[in-house]
Enquirer: 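Pasting a structure here, questions to come.
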Amino acid sequence: MPELPEVEATCQAIRPHIMKRKLTQVIVRQPKLRWAIPKALSEIKNTKIIDIQRRAKYILLTTSKGTIIIHLGMSGRLRVLKNNIPHQKHDHVDFIFNDGALMRYTDPRRFGSILFTTADPLRYPLLAKLGPEPFSESFNAKYLFEHTQRKNIAIKQLIMDQQVVAGVGNIYANEALFLAKLSPLRSSRLLMFDECQRLVEAIQEILKEAIRQGGTTLRDFLSPDGKPGYFVQKLFVYGRENKNCLGCHALLSIIQLGQRSTVFCKSCQK
DNA sequence: ATAATAACCTGAGGGC
DNA sequence: TGCCCTCAGGTTATTA
């Protein structure tokens, strides 16, 4: 899926097309996503989109009647198209606007979700316990250091925990650890304060650069305007197992860590 | 309470 | 071509 930068890119791309527009109809062809799409969403009509925000990997569409919460899962995608474009196999939901535009949710694996709440979306159970945004002031070395002390797990798994910091997924966890010269296997409790400082900075830098580039292109991520993201050209380790480390030329290792592929340089990352 | 693992799905790609 | 296997941007539920 889309990790934070891809979700951010999605928000930026759909914003000019749907901001302040009137949503006239929501067509749900396949309600079975990660959770069933609530019926209230299909009943929405003539609702203005007031704001488009991102929280962690969630997209929040604020409307005059409540908030639509969208998560793209592993393979989800949102695009804005002209109306009347025929739907294909995995085009599960269409959001139709009064100006003829159509925002289409496509998701082959259906790990994503589309939810709706009339209450504060940040209090919604799935969002309530999320950790700080990586660019917020509360995500800093002291904060991360405290979390490394609380649990004893591999540092990679710690930074992928959405309750520790929101938005870091498998690609950017690998990349950030390379940038910080830290082994993904390091026990969190053994991190020094200055290593936490480095890691915080690495996470921020890698995400910032990825956002600047418009996200990463892998199998099926295209930003909603149809352009691919370009970050893949800048990946140091992800997907480069058994290739040469771009720092020292040693062969990059690949291991499984918490069921996720983990690529790193045994020589550069300690 | 914490940590590992199973589960939810479909499609792509490799080996034979 | 086709079958079988493994793997893929995530996160929750279940088990130990």
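Naming: A, B, ... by sequence-line order, numbering from 1 per chain. Given the structure is predicted, the values throughout are model-derived calculations rather than measurements.
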Enquirer: Between B:dG11 and C:dT12, how far is it from one C1' atom to the other, in whole Å?
Expert: 23 Å

Enquirer: Taking side chain as C-beta onward, heavy atoms only, is A:His17 less than 4.5 Å from A:Met103?
Expert: no

Enquirer: Got more than 12 heavy atoms from elsewhere within 6.0 Å of CD, A:Gln88?
Expert: no

Enquirer: Taking only side-chain nitrogens and oxygens of A:His71, does any of them come within less than 4.0 Å of OP1 or OP2 of C:dT11?
Expert: yes

Enquirer: Checking contacts here: which listed nucleotide (C:dT12, C:dA8, C:dT11) is nearest the side-chain heavy atoms of A:Met74?
Expert: C:dA8

Enquirer: Side-chain donor or acceptor of A:Arg110 under 3.5 Å from a matching atom on the base of B:dT10?
Expert: no

Enquirer: Supply the atom-to-atom distance A:Thr24 OG1 to A:Asp99 CG, rounded to the nearest 0.5 angstrom.
Expert: 9.0 Å

Enquirer: Tell me whether the side-chain N/O atoms of A:Lys89 come closer than 4.0 Å to OP1 or OP2 in B:dG11.
Expert: yes

Enquirer: Looking only at atom P, what distance separates C:dT11 and B:dA1, rounded to whole Å?
Expert: 23 Å

Enquirer: Ring centres within less than 5.5 Å and planes less than 30° apart: is that true of A:Phe111 and B:dC8 in this structure?
Expert: yes

Enquirer: What are the residues of residues 252-265 of chain A, sorted by number, that bring a heavy atom to within less than 4.0 Å of DNA chain C?
Expert: A:Arg260, A:Ser261

Enquirer: Check the phosphate of C:dT11 against A:Lys57, side-chain N and O only, distance under 4.0 Å to OP1 or OP2. Yes or no?
Expert: yes

Enquirer: Kindly express the pairing pattern of DNA chain C in dot-bracket notation, using | wherever a base pairs with another strand and counting only Watson-Crick or G-U pairs under 3.5 Å.
Expert: .|||||||.|||||||

Enquirer: Hey, could you give me the OH/CG distance between A:Tyr124 and A:Leu60, rounded to the nearest 0.5 Å?
Expert: 11.5 Å

